[in-house]
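Inspection log for the structure reproduced underneath, given as structure tokens.
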Protein chains: 2
Amino acid sequence: MKKIPKPALERLFLYYRLLLSAHNNGEKIISSVEMGKRLDLDPAQIRKDLTYCGEFGKPRIGYRVEGLMNELQTVLGLGERKQAVLVGVGRLGMAIYSYSGFAKFGLEIIGLFDSDPTKVGLNLGGQTIMNIAQLGEFIRQKRVPLGIITAPAASAQQVADIMVDAGICAIWNFAPVTLKVPENISIRNEDLAIGLATLSWNLINSGCPYIQPTEDELD
Amino acid sequence: MKKIPKPALERLFLYYRLLLSAHNNGEKIISSVEMGKRLDLDPAQIRKDLTYCGEFGKPRIGYRVEGLMNELQTVLGLGERKQAVLVGVGRLGMAIYSYSGFAKFGLEIIGLFDSDPTKVGLNLGGQTIMNIAQLGEFIRQKRVPLGIITAPAASAQQVADIMVDAGICAIWNFAPVTLKVPENISIRNEDLAIGLATLSWNLINSGCPYIQPTEDELD
DNA sequence: TAGATTGTTAATCGATTAACAATC
DNA sequence: TAGATTGTTAATCGATTAACAATC
């Protein structure tokens with residue numbers, strides 16, 4: 001398995017989603033130039049990225065939409081079932097749990113957990129929220145490879161420790177905190193506040209007329 | 001205003017949040033080594049990043065927690081009020097709207113919009129959900145600098161067009177689609193499915209014992 | 001002082017972009 | 001064929017890491 005640079009890996013998924021949409025739209029062939037237009041990316045970069053997943057393009061023609069789509073699905077493992085537990089059934093947790101878009105890529109949330117006794121026992125979309133005390137045992141027994149943390153920052157590390165101890169392989173972390181995990185565990189931080197912070201910086205440095213300069217703004 | 005590379009800008013926010021926590025914890029001084037330990041980053045990188053926001057460290061001593069925190073707050077504009085509209089009051093939209101963590105960094109969502117007539121008129125946390133037809137006028141009148149899109153992919157571009165036309169300066173996009181906007185508009189895509197896809201790839205390429213060939217999983 | 005830590009310069013690393021021969 | 005598009009190599013760009021003099 002050829003190593004794929006992280007930025008390229010993320011783009012591969014964008015290509016996959018684009019191809020899925022093109023396929024549903026009845027398109028048979030697509031060129032790197034056309035993909036670049038739709039995704040606002042350099043066609044050369046797209047071609048380069050696609051070399052990480054085998055060769056499919058034909059000079060003068062372009063890429064077969066369905067073939068490339070299937071190849072990407074295989075490479076990214078999007079066709080595999082990925083069972084997961086979700087810990088922290090707040091609004092964000094519920095949003096992720098109920099979002100059908102992830103199921104298309106193989107995500108199956110098979111266990112909901114919370115530490116709040118008023119939530120434990122509630123039924124949500126056919127699943128009963130369990131006490132966090134049962135988390136480790138559940139992961140071990142069901143051999144759950146993926147953990148989703150939508151718990152508050154204060155308890156996120158504790159949750160991660162339980163998951164790791166129970167043998168989980170990957171963590172999707174939405175808590176705004178840097179988790180300490182062994183390096184064989186793969187972790188993805190969706191730190192939404194970072195996005196807000198970068199937009200904040202852009203706003204005050206872009207001369208937006210709708211932002212009222214406090215006193216220090218003049219360049 | 002010195003230009004700040006994007007990855008450095010994102011880390012600056014991590015430093016800010018760390019300092020906020022250290023400050024609340026009563027810490028007065030912190031070194032780049034200590035920050036590196038807590039954030040799992042190279043101390044040299046931290047020192048380098050911090051040069052983008054003025055000089056604060058003292059050799060042999062470290063950084064003054066409060067001073068550096070305040071400086072970062074100013075640089076990132078986190079103390080400024082950032083008024084925003086949110087379009088698409090589904091579960092994710094509600095999660096973002098009701099998350100108090102963003103308010104700490106200056107976010108103020110002052111308008112909720114949806115195209116679903118059964119939602120328009122409902123009251124949510126003191127605000128009435130408005131019809132998307134009023135979006136442009138609202139932005140113009142209130143001079144709203146920031147738009148948050150939590151609408152479905154299919155309508156996201158249309159929403160963005162209205163926002164841009166009304167003079168919005170920045171867009172925080174949660175819809176899984178590449179939006180076309182003029183290049184003077186700053187945009188941040190929080191494409192959560194990318195995270196899932198990278199974890200998916202990691203799972204199938206890391207030899208996770210809890211991941212089995214698909215046929216074993218059928219039941 | 002002696003030692004720890006900064007800010008900065010230089011070296012390394014990795015990713016993007018450009019160029020173009022090969023190809024259909 | 002002529003022309004468009006690929007895959008790949010080389011050049012460029014930018015970010016990270018290493019090294020170390022300056023400093024308190």
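The analysis underlying the following values was restricted to heavy atoms, covering all of them including side chains, and did not include hydrogens, waters or symmetry mates. The chains referred to below are lettered A, B, ... by the order of the sequence lines, with proteins before strands, and numbering in each begins at 1. It should be emphasised that the depicted structure is a prediction, and the values quoted were computed from it without experimental measurement.
The 5' end of DNA chain D is approached more closely, in terms of each residue's nearest nucleotide, by A/K58 than by the other of B/R60 and A/K58. Closest-nucleotide positions on DNA chain C for A/I61 and A/D49 were compared, and the one nearer the 5' end corresponds to A/D49.
For residues 14-25 of chain A, the set of pairs meeting the salt bridge (charged side-chain N to carboxylate O under 4.0 Å, His left out) definition, not counting sequence neighbours, comprises A/R17-B/D191.
At whole-Å resolution of the value, CG in B/L9 and P in D/dG14 are 16 Å apart. The distance between atom NZ of B/K6 and atom P of C/dA15, rounded to the nearest whole Å, is 15 Å.
Of the possible donor and acceptor atoms, one in the side chain of B/T150 sits under 3.5 Å from a partner among the backbone N and O of B/G88.
Between B/P176 and A/Y99, the closest heavy-atom pair is CG-OH, 3.9 Å.
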Could you go through A/E27 and A/R38, starting from their C-alpha distance and side-chain angles, then the distance that decides it, and tell me whether this counts as salt bridge (Lys or Arg N to Asp or Glu O under 4.0 Å)? CA-CA 14 Å; A/E27 300 175 56; A/R38 298 194 197 173; 2.7 Å; yes
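Comparing D/dT5, D/dT17, C/dT6 by their closest approach to the side chain of A/P59 singles out D/dT5.
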For DNA chain C, produce a single dot-bracket line, 5' to 3'. Pairs: Watson-Crick or G-U wobble, both distances under 3.5 Å. Symbols: ( ) within strand, [ ] crossing, | other strand, . unpaired. ..||||||||||||||||||||||
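The side chain of A/S32 places an N or O atom within less than 4.0 Å of a non-bridging phosphate oxygen (OP1 or OP2) of D/dT6.
Here B/I204 pairs with A/E80 under the side-chain contact (heavy atoms from CB on, under 4.5 Å) rule; sequence neighbours left out.
Taking the charged nitrogens against the carboxylate oxygens, B/R188 and B/E10 do have a contact shorter than 4.0 Å, which makes a salt bridge.
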